[in-house]
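I have placed the structure first, in the form of structure tokens, so that the comments after it can refer back to it.
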Amino acid sequence: MSFDRSIKIAPSILSADFANFGAECEAIEAQGADWVHVDVMDGHFVPNITFGPATCAAIRPHIKTVMDVHLMIAPVDPYIEAFAKAGADIITAHVEAGPHIHRTVQAIRGAGAKAGVALNPGTPASAVAELLDMVDLVCVMTVNPGFGGQKFIDMTAKVRELRDMIGDRPIHIEIDGGVDPTTAPLVAAAGADVLVAGSAVFRGGSVTDPAPYGANIRAIRAAAEA
Ligand code: DX5
Ligand code: ZN
């Protein structure tokens, strides 16, 4: 994975057909997705359950780009090895998920993956200040995690602050939650480069009719780059 700050659209398969993940991953990539965002939820850290490392391993052969695994689980550390073995390129853990995020980030990199840290809307940018020399991505949640299709919470000031803190370091700023052609320009202008979008990408399409995925991806990208 090479680093650059161009806009990357990362559809979240949380909004895909759960009975058809492989075909959905192939469809969104064929329609222009830059990364594939994989939301893992445990019913404990967040009030919803999705899937675990076995599903990640099963979909891996269907992803040619970047498998971006967002762990909304607590504890995190006992499962890092399993998600790395499943083929995650990036593993993102929440700073709120436990008392030892520094150890978690070390463990993610130690397992051979790129390391991301995620911040809930109620958590300040300063929570990652001591981690900036050891992470590859900071994810700014623009919803409280747990569900797709929620309303965007404006975290533009936090994104700007992080962009300043990051300086020249090769760290992606990812936005997750409520991203669509209306909200994408706000966060892109503030310095974000990876835009996760679930409902705004999958709306109107299916694996048998994937063209709307492409139109949706292009609309978000065009708005962000404008
Ligand atoms: C929320 C997840 C997001 C979510 C985004 O807990 O982390 O990735 O699927 O979905 P939309 O784009 O529908 O808000
Ligand atoms: Zn996510």
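A quick note: this is a predicted structure, and the numbers were derived from the prediction, not measured. Counting starts at 1 for both ligands and their atoms, in listed order.
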Self-check item: Contact (N/O only, under 3.5 Å) between H70 and ligand 1
Solution: yes
Result block: side-chain N/O donor-acceptor pairs under 3.5 angstrom for residues 74-85, not counting sequence neighbours:
unit_1	atom_1	unit_2	atom_2	d
D77	OD1	T104	OG1	2.6

Quiz item: What atoms of ligand 1 come closer than 4.0 angstrom to any heavy atom of A197?
Solution: 12 (O)
Quiz prompt | the Zn ion (ligand 2) - number of protein N/O/S atoms closer than 2.8 Å | solution = 4
Quiz item: So, D39 versus H37: side-chain donor-acceptor pair below 3.5 Å or not?
Solution: yes
Quiz item: Is the shortest side-chain N to carboxylate O distance from D68 to K8 below 4.0 Å?
Solution: no
Practice problem: Identify, by atom number and element, the atoms of ligand 1 in contact range of G148, meaning under 4.0 Å from any of its heavy atoms. | Solution: 10 (O), 13 (O)
Exercise. Do me a favour and list the nearest non-hydrogen protein atom to atom 12 (O) of ligand 1 with residue, atom name and distance?
Key: G198 N, 2.7 Å
Quiz item: Got a sec, which residues hit side-chain contact (heavy atoms from CB on, under 4.5 Å) with T182, two or more places apart in sequence or on another chain?
Solution: D180
Self-check item: R5 atom CZ, over 12 foreign heavy atoms within 6.0 Å
Solution: yes
Quiz prompt | For ligand 1, the portion of S199 having any non-hydrogen atom under 4.0 Å away | solution = both
Self-check item: F147: partners by ring pair (Phe, Tyr, Trp, His ring centres under 6.0 Å), with sequence neighbours left out
Solution: none
Self-check item: Residues E174 and H172: side-chain donor-acceptor under 3.5 angstrom
Solution: no
Exercise. Compute the ring centroids of F21 and H62, then answer whether they are less than 6.0 Å apart.
Key: no
